[in-house]
Amino acid sequence: MRQIHTVACVCTGLTALSVCRNTVAAVVLVGATVIDGLGGALPDATLVIDEGRITCVGDAQTCTVGSADTVHDLRGRYITPGLVDAHVHFAQTGWIDGRPDGIEAPDVYPYAETRAALRADPGRWHRAYLCSGITAVYDVGGAAWTVTDAVSRDTDRPDRTHVRAAGPLITYRSDLNRHYLAGDPTQPMFLPFDSDAQVIANIEHLQSIGAHAIKVWFVPPPAERRAELETRLLLVGQLTRESGIPLIVHATGLADAKAALRAGANMLVHSVEDQPVDAEFLQLLRANDTVYAPTLVVGSGWRRAIASVAVDAPLAIDDPNHCVDAELLDRIQQPGRLRAAAGDGISATAAFKRLEDVGFSRAIMAGNLRAVAEAGGRIVVATDAGNPLTVHGPSIYWEMEAMQAAGLRPDAIIAAATIRGAEAMGLGREMGSLEVGKIADLLVLTEDPRDDIAAFRALSHVMRRGVLFSQAELRNR
Ligand SMILES: [Zn+2]
């Protein structure tokens with residue numbers, strides 16, 4: 001592989017950031033093919049970055065290089081916008097220790113300790129994202145600290161991704177808080193959905209703490225409550241429209257997803273996975289211009305995690321760029337520690353039966369993704385990172401490759417992973433494409449992602465807010 005040739009001063013690495021900002025006139029990337037995220041591509045391009053923003057994109061005649069500029073020769077490489085993961089959870093780890101409602105194991109992984117560790121070091125996930133080429137994430141649900149702590153503020157730093165965070169989920173299953181409070185009643189994961197007054201108060205509360213969206217966790221309601229809860233969802237839609245805050249909804253059944261669309265949901269955070277979508281669904285989705293986040297791989301991660309506990313079989317993590325830290329890998333590689341806590345509820349037979357069902361739901365989700373794409377729907381790349389075995393960072397490669405396997409073309413996936421994600425986060429004017437005036441968040445690849453979306457694994461550099469890191473600098477192990 002060709003070494004990047006640097007003409008003037010080199011400013012990379014976290015320790016050099018303040019020095020860089022003060023001494024470099026501009027950073028210029030020359031010779032690469034620039035894939036702008038909007039469907040365009042320019043070979044042998046010159047890209048100029050100044051004060052963290054793109055100031056010129058064009059050929060060598062259009063974009064001139066100053067004598068004091070730092071020039072990187074990137075011939076033979078490909079530059080894309082940074083990736084956007086439009087569905088993550090800072091309050092989850094990527095293993096079962098972060099989901100006590102799945103397997104509660106207070107003797108092995110006390111949840112109060114897990115939460116304290118998550119809250120103390122959100123930079124852990126920022127590092128895993130940047131290491132994998134992700135420069136912006138949408139946290140679509142978690143305890144209030146995911147909104148109020150520095151995790152979702154302070155994100156202008158070059159060692160942080162952009163973050164938008166929804167905070168606690170509104171749901172009729174707020175009883176599940178019993179797994180999450182762990183001695184701290186100030187950090188519920190769920191807010192109740194059982195009366196109109198509760199919902200009005202919850203939305204006001206979420207706005208007061210600075211939530212960027214209102215998330216309703218609309219898991220399938222019992223038949224006798226469906227009419228009541230669908231009507232209340234319409235109220236949430238009305239209130240969020242009036243207040244100008246986006247409404248995002250978890251609804252994986254077709255009936256539930258249609259209820260969300262009738263309420264005016266701005267984003268469905270998962271695929272419809274129980275049956276093929278119909279004409280009414282597609283019409284509602286298009287009429288609202290609702291964002292559709294397929295999350296194809298998270299379900300198999302959950303099922304594989306449970307199976308690995310059931311038979312005490314550690315699973316390998318596909319992490320080509322070494323972005324998962326050793327502590328998390330250690331937990332994943334010791335599933336037997338959770339075996340006793342799982343009890344008789346998780347037999348190997350049941351676990352393997354659930355694994356077999358992955359193929360069915362994946363086929364439904366793939367068909368629905370194609371249907372949404374053919375209808376001109378607004379699709380984003382979204383992993384649900386933080387769930388068991390859907391690890392923060394590299395899971396974005398798995399998700400994009402699953403979208404490709406489902407039949408989407410690479411150019412459509414590149415748009416979904418960049419500008420569409422930025423727009424879903426309300427940041428489409430600031431980032432998501434390589435255009436003059438936008439924040440310089442970009443990736444350097446050694447292979448062409450227009451041929452095969454797996455080229456995002458071939459990541460040589462990540463630029464965040466104008467600061468260029470080699471991928472090796474960003475590794476977590
Ligand atoms: Zn999620």
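We count ligands from 1, going down the list as the structure has it; atoms in each ligand are counted the same way. Residue indices begin at 1 and follow the sequence shown. When reading the values below, keep in mind they use all heavy atoms of this one structure, side chains included, and skip hydrogens, waters and symmetry mates.
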Has the side chain of R331 got a donor or acceptor atom that lies under 3.5 Å from a matching backbone atom of W95? no
Distance alone, cut at 3.5 Å: any donor-acceptor contact between the side chains of D256 and H250? no
Does a side chain donor of either E273 or S271 reach within less than 3.5 Å of an acceptor in the other side chain? no
Quick check: do V140 and V88 have side-chain heavy atoms less than 4.5 Å from each other? no
Taking the Zn ion (ligand 1) as the centre, how many protein N/O/S atoms fall inside a distance shorter than 2.8 Å? 3
Taking only residues at least two apart or on different chains, which pairs with a member in residues 228-299 satisfy disulfide (SG to SG under 2.5 Å)? none
Exactly one of R464, R465, R160 clears salt bridge (charged side-chain N to carboxylate O under 4.0 Å, His left out) with D441, and that residue is R464
